[in-house]
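In what follows, a single structure is set out as structure tokens and then discussed.
Computed over heavy atoms, backbone and side chain alike; hydrogens, waters and symmetry mates excluded.
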Amino acid sequence: MSQDTNEKKLEQLCRALADAQHANQEKNRLLERMSHEVRTPLNSIIGLSYLTKEYADDKKQVLENMEKITMSVHFLLSFMDDILNLSKIECGNIALNQGNTEFGTFLEELRQTAAERAEKKQISVSLETCGAFDRMYYFDREKLGKALYNILENAVKFTMPEGAVTFRAELISEMPEAAVICFSVTDNGIGMEERFLPDMFEPFEQEDGGGTTLSGGTGLGLAIARNIIDFMDGHIEVSSVKGSGSVFSVTVSVGKVADEKACACAQSDPGALAYDFTGRRALLVEDNEINIEITRNILTHRNFAVEVAVNGEEGAAMFLAHAPGYYDVILMDIRMPVMDGLTAADKIRKSGREDGRKIPIVAMTANAFEEDVRKSFAAGMNAHLSKPVDIMRMYAALDEMLRG
């Protein structure tokens, strides 16, 4: 073997070692930031829980503490969702779930959600449109909405009190089956140095190098927005002047809808409804004692009668042991000992009983990937609610299934 060959192999090994060390450093940096972001709200939750017990007789203090605990919990949930979304996008483990969407409602909902966040800072959030838009288009409402809201949220975050944010949609071009739309978000906030712009879409990157806060977001919003837009074959641009503000522009193509009667219009706010399930009986299949207690109380609060099974095998047996129609709905955890929820749901569906084929089965699980949702439906479930469960969304799903 020649000396040149040995030197090339040594050079390749050194390069591979350097790459491995760099990857390890990046992994450690990410884990350190994740640890920081998780520990900060956990510290608030632990401290406030202690103070709540200490001041249990002070109703005003207890309510204030509970409100702050709720804020910390929602921050944690948002952070975990963002980490999950970023991981799924970077691994290519997502798909576009496209559907017909009423475009004006889509824009106004984004503006309103951003305005609610901006209200505390007395920041105005306005909506402008330019062009003759169709009433509806065909696209992934959830993913595009997530990307645009993350940009709006970032604008509100870095705009000073009494500032302004403008959300604009402009029709760039139309074809028989598609339309190209440019969404822009303009603020008069603190702006950014030009040298920072190439790094701003990296996870946790901040121009001042500071950490995130509960009011400041998770530090992942723009990274998720860029990855979603890239996944949709769109384009995102940023211009900014330090001290004057920033402009984010997102250009994407959306499908045109031939039959506007097919529009999936926005649903009313489920939180405004007073759900009452008097006369309904639910079978809760869950192995965690605390989750059993919480879910049972949430259900009985709306007048459900609730019976509990602690694993999938017991749940299927309880269902089959009672007369058809005894249970109105089954709420099923997925990961359980003895028999998991997917197997139990499949067993109920294949039991040969008419009610086994028709009874609504709802997955309530910490499995939150799109693949997990597909597995739930493949096993015969009617809905998939990821933990921690949005209570009003759960009531709405149950109400819709039981009415149907």
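- Residues forming a side-chain contact (heavy atoms from CB on, under 4.5 Å) with Ala397 (at least two apart in sequence, or on another chain): Met401.
- Counting heavy atoms from C-beta outward, Thr101 and Tyr137 have side chains that stay 4.5 Å or more apart.
- Under a 3.5 Å cut-off, the side chain of Arg353 and the backbone N or O of Leu320 do form a donor-acceptor pair.
- A side-chain donor-acceptor contact under 3.5 Å links Asn297 to the backbone of Glu293.
- Put simply, the side chain of Arg281 gets close to the backbone of Tyr326: a donor and an acceptor are under 3.5 Å apart.
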*Begin with the C-alpha distance, continue with both residues' side-chain angles, and end with the deciding distance and a verdict on side-chain contact (heavy atoms from CB on, under 4.5 Å) for Ser44 and Ile69.*
CA-CA 7 Å; Ser44 299; Ile69 288 173; over 6 Å; no
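- Although no hydrogens or angles enter the test, the distance criterion places no donor-acceptor pair under 3.5 Å between the side chain of Arg280 and the main chain of Asp328.
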*asked:* Does Leu152 form a side-chain contact (heavy atoms from CB on, under 4.5 Å) with Val156? I'd like the steps, not just the answer.
replied: CA-CA 6 Å; Leu152 281 164; Val156 171; 5.7 Å; no
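- Side chain of Arg111 to main chain of Val125: a donor-acceptor pair is present (N/O by atom type, distance under 3.5 Å, no hydrogens or angles).
- Aromatic rings from His384 and Phe377 are positioned such that their centres are separated by 6.0 Å or more.
- Nearest approach of Gly356 to Ser351, heavy atoms of both residues: CA-OG, 4.1 Å.
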For a quick test of your reading: what N or O donor-acceptor pairs under 3.5 Å do the side chains of residues 177-190 make, sequence neighbours left out?
from, atom 1, to, atom 2, distance (Å)
Asp187, OD1, Gly189, N, 2.8
Asp187, OD1, Ser246, N, 3.3
Asn188, OD1, Ala164, N, 3.0

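- Atom NE2 of His322 is separated from atom CG of Asp355 by 12.0 Å, given to the nearest 0.5 angstrom.
- Screening Arg335, Glu314, Met336 for a side chain to side chain contact (heavy atoms under 4.5 Å, CB included) with Asp287, the sole residue that qualifies is Met336.
- With a 4.5 Å cut-off on side-chain heavy atoms, Arg357 and Arg349 do not count as touching.
- With 3.5 Å as the limit, one finds a donor-acceptor pair spanning the side chains of Glu307 and Tyr327.
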*Determine, step by step, whether Ile359 and Leu283 satisfy the side-chain contact (heavy atoms from CB on, under 4.5 Å) criterion, reporting the C-alpha distance in whole Å, the side-chain angles of both residues, the deciding distance to 0.1 Å, and the verdict.*
CA-CA 11 Å; Ile359 187 169; Leu283 174 59; over 6 Å; no
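- Inspection of the Glu64 and Tyr55 side chains reveals no N or O donor paired with an N or O acceptor under 3.5 Å.
- For the pair Arg141/Glu109, a side-chain contact is recorded, criterion being any heavy-atom separation below 4.5 Å from C-beta on.
- Considering CG of Asn227 and CG of Leu222, their distance stands at 11.0 Å, rounded to 0.5 Å.
- Defined by atom type and a distance below 3.5 Å, a donor-acceptor pair is present between the side-chain atoms of Asp276 and Asn303.
- One finds a salt bridge joining Lys143 and Asp140 here, because a Lys/Arg side-chain nitrogen approaches an Asp/Glu carboxylate oxygen to under 4.0 Å.
- The number of heavy atoms from other shown groups lying within 6.0 Å of NZ (Lys256) is above 12.
- Taking the ring pair (Phe, Tyr, Trp, His ring centres under 6.0 Å) definition, one finds that His235 meets it with nothing, sequence neighbours left out.
- Going from atom OG of Ser249 over to atom CZ of Arg168 covers 10.0 Å, rounded to the nearest 0.5 Å.
- Smallest separation of non-hydrogen atoms from Ala225 and Ala147: CB-O, 3.6 Å.
- Looking at Asn43, its side chain never comes within 3.5 Å of a backbone N or O of Arg39 through a donor-acceptor pair.
- Asn150 places a side-chain N or O within 3.5 Å of a backbone atom of Gly221 that can act as its donor or acceptor partner.
- A donor-acceptor contact under 3.5 angstrom links the side chains of Thr343 and Asp340, judged on distance only.
- Although no hydrogens or angles enter the test, the distance criterion places a donor-acceptor pair under 3.5 Å between the side chain of Ser72 and the main chain of Lys68.
- For Glu142, the CD atom counts as loosely surrounded, since its 6.0 Å shell holds 12 or fewer non-hydrogen atoms of other residues, nucleotides or ligands.
- Using a 4.5 Å heavy-atom cutoff, the side chains of Asp333 and Lys387 are in contact.
- Gly234 and Val252 make their closest contact through CA-CG1, 4.0 Å (heavy atoms, listed as atom of the first residue, atom of the second, distance).
- By the 4.5 Å heavy-atom criterion applied to side chains, Thr295 and Met364 are counted as neighbours.
- Residues that satisfy the ring pair (Phe, Tyr, Trp, His ring centres under 6.0 Å) test with Phe319, not counting sequence neighbours, are absent from this structure.
- The OG atom of Ser239 lies 9.0 Å from the CZ atom of Phe248; values are rounded to the nearest 0.5 Å.
- For the pair Leu331 and Leu299, the minimum side-chain heavy-atom distance is below 4.5 Å.
- Taking OH of Tyr50 as the start and CG of Asn65 as the end, the distance is 12.5 Å to the nearest 0.5 Å.
- In this structure, the side chain of Asn382 engages the main chain of Ile361 through a donor-acceptor pair within 3.5 Å.
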_salt bridge (Lys or Arg N to Asp or Glu O under 4.0 Å) assessment of Lys358 paired with Glu354_ = CA-CA 7 Å; Lys358 293 182 177 181; Glu354 182 65 16; 3.1 Å; yes
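- Shown here for Met332 and Gly341, the closest heavy-atom pair between the two residues is CG-CA, 3.6 Å.
- When every heavy atom of Ala345 is checked against every heavy atom of Met381, the shortest pair comes out as CB-CE, 3.8 Å.
- Looking at Ile45 and Val73, their side chains come closer than 4.5 Å, going by heavy atoms from C-beta outward.
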*Check the pair Thr166 / Glu128 against side-chain contact (heavy atoms from CB on, under 4.5 Å), numbers first and verdict last.*
CA-CA 7 Å; Thr166 302; Glu128 298 178 356; 3.7 Å; yes
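- Rounding to the nearest 0.5 Å places CD of Glu286 at 11.0 Å from CZ of Arg296.
- In this structure, the side chains of Val362 and Ile330 stay at 4.5 Å or more apart for every pair of heavy atoms.
- Take Phe139 and apply the ring pair (Phe, Tyr, Trp, His ring centres under 6.0 Å) test, not counting sequence neighbours, and it matches Phe106.
- Within a 6.0 Å sphere centred on CD of Gln112, heavy atoms belonging to other residues, nucleotides or ligands number more than 12.
- Annotation: side-chain contact (heavy atoms from CB on, under 4.5 Å) contacts of Ile391 (sequence neighbours excluded): Ile298, Tyr395.
- Closest of all the heavy-atom pairs between Pro337 and Asn311 is O-CB, 3.1 Å.
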